[in-house]
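Indexing begins at 1, ligand by ligand and atom by atom, following the structure's order. Just so it is clear, the values below take in all heavy atoms, side chains as well, and ignore hydrogens, waters and symmetry mates.
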Amino acid sequence: GCQPGATNSNEIVIGHYASMTGSEATFGQSTDNGIKLAVDEVNEAGGIGGKQIRLITYDDKGDAREAGTAVTRLTSKDGVVAVLGEVASGLSLAGAPVCQGAGVPMVTPSSTNPKVTGIGDMIFRVCFIDPFQGSVCAKFAREHEGLKAGKAAILTDQASPYSVGLQEEFEKAFEKLGGKVVSKQTYQGGDQDFSAQLTAIRSSEPDVVFVPGYYTDVGNVALQARKLGLTTTMLGGDGWDSSKLGQIAGSSIEGCFYSNHYSHEDPNPRVQEFIKKYNERHNQTPDGLAALGYDAARILFEAMKRAESLDGKVLAAELSKTKDFDGVTGNISIDGDRNAVKPAVILEMKDGKP
Ligand code: PHE
């Protein structure tokens, strides 16, 4: 048969679209590094069906239109058999319809908004979803010894589907657990001045401030909050996960918490082995994105090995059979909605690091 990307060649081409530059650049860079490690490993072990994997990565600059264009190029010009990406839910929502339309399976390592896999039967993820993440954060806010929050304020990026969705889930869960949301403020990703919102939050006297945003904005929010005398503990979701957060916010983010997919302090040998290999290849400690990129690529390769052909439908059917995969980010099984059911961790910022 004629297989796209696999014809007349001893290689199999896969694509990755990612924010390699822009205000969320570490998301794309870390994910790409995790994927590359997995690609190297499978190729060193002889590839898949005797063919080497070739990865094509396009920078979408964190822009939805660029994301759509990148995926169109991957599926129509490069003939990839599968696409990995994006991190940000808003960008996966731009790329997923292109993959769905082209009949090319897409695996997002880290987009947590439920709508992403709802695009269609070609779209998968290997991370948990935000109804879960929101309830984990709410439970932590209510029950953690140092917080025991009765009142929460929320600061949401209204331009980000991830932020808006996670805010809704947190609010629902927090109130269900008996807490009260005393202030809801919004911003637009990239804003520089948060003083009006932070002043309003300060007067609502919350016990915790939930900030479901991405690290660059969160860093700026933390800096400005402390300048305005708002010293309340801040809590966020996986969007905080970047080595840049501590660099931007310094001591302003000390003692704050966020939910994530993995901790580099997890003693599990599977995790420590990954950290060692990643460190040797990329000379840094992997963040959650790197771990998810690695897991997503490995799950894709396992499905490719099982598949009788690399036709999109056949490969998608194998992806949906993923069960009990022993990932760095936990045990991964793909459910009927093409989502993964997994545990979350809560990380605390200490000396600028999670
Ligand atoms: N979950 C975020 C989103 O859906 C992306 C993200 C995942 C960011 C993991 C950091 C770490 O937009």
Side-chain angles (χ1 to χ4, degrees), residues 16-20 22-35 60 62-64 67 84-96 106-119 123-137 156-170 189 210-219 235-246 248 257-264 285-296 327-330 332 339-340 342-347 349 354:
H16 178 212
Y17 66 119
S19 54
M20 302 299 284
S23 52
E24 278 85 56
T26 66
F27 286 175
Q29 293 164 0
S30 290
T31 306
D32 205 55
N33 284 342
I35 294 171
D60 61 34
D63 178 85
L84 296 167
E86 233 275 356
V87 171
S89 289
L91 302 180
S92 285
L93 286 168
M106 171 182 131
V107 183
T108 170
S110 40
S111 287
T112 46
N113 187 289
K115 289 181 188 132
V116 173
T117 45
I119 297 285
I123 316 301
F124 298 83
R125 82 178 100 217
V126 302
C127 56
F128 52 66
I129 56 175
D130 286 334
F132 173 70
Q133 178 164 220
S135 66
V136 165
C137 289
T156 309
D157 176 356
Q158 60 184 358
S160 153
Y162 159 73
S163 193
V164 171
L166 185 54
Q167 172 261 312
E168 284 168 9
E169 297 297 342
F170 173 83
F210 186 60
V211 191
Y214 295 139
Y215 63 89
T216 301
D217 294 327
V218 172
L235 172 67
D238 53 359
W240 286 28
D241 196 38
S242 171
S243 56
K244 290 273 187 300
L245 176 64
I248 296 167
F257 302 95
Y258 68 98
S259 55
N260 201 23
H261 306 262
Y262 129 109
S263 162
H264 67 271
T285 302
D287 58 18
L289 286 314
L292 285 166
Y294 181 73
D295 280 350
V328 172
T329 60
I332 302 172
N339 298 322
K342 305 188 32 209
V345 298
I346 299 272
L347 302 175
M349 293 300 291

Side-chain heavy atoms of [X] within contact of [Y], under 4.5 Å:
X: M349; Y: L347; result: no
X: T112; Y: L166; result: no
X: C137; Y: E169; result: no
X: E86; Y: S19; result: yes
X: K244; Y: T216; result: no
X: L93; Y: P161; result: yes
X: S242; Y: Y214; result: no

Just which atoms of ligand 1 are under 4.0 Å from any heavy atom in [X]?
X: A88; value: 12 (O)
X: S111; value: 4 (O)
X: L289; value: 7 (C), 9 (C), 10 (C), 11 (C)
X: Y214; value: 3 (C), 12 (O)
X: F27; value: 8 (C), 10 (C)

Geometric N/O contact [X] with ligand 1, under 3.5 angstrom:
X: D238; value: yes
X: D241; value: no
X: D130; value: no
X: T112; value: yes
X: N113; value: no

Problem - Sub-4.0 Å heavy-atom contact, E24 with ligand 1 - result: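 Under 4.0 Å: no for E24.
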Problem - Sub-4.0 Å heavy-atom contact, G288 with ligand 1 - result: no
Handout entry: N339 side, atom CG; F132 side, atom CZ - distance, nearest 0.5 Å
Key =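 CZ of F132 is found 12.5 Å from CG of N339.
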Problem - Distance (rounded to the nearest 0.5 Å) between W240 CH2 and L235 CG - result: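 It is 6.5 Å, given to the nearest 0.5 Å.
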Of all the non-hydrogen atoms in the protein, which one sits nearest to [atom], and at what distance?
atom: atom 3 (C) of ligand 1; answer: Y162 CD1, 3.3 Å
atom: atom 6 (C) of ligand 1; answer: V87 CG1, 3.6 Å
atom: atom 4 (O) of ligand 1; answer: S89 OG, 2.5 Å

Problem - Side-chain H-bond candidate by donor/acceptor type, D130 with Q133, under 3.5 Å - result: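 Yes, side-chain donor-acceptor contact under 3.5 Å.
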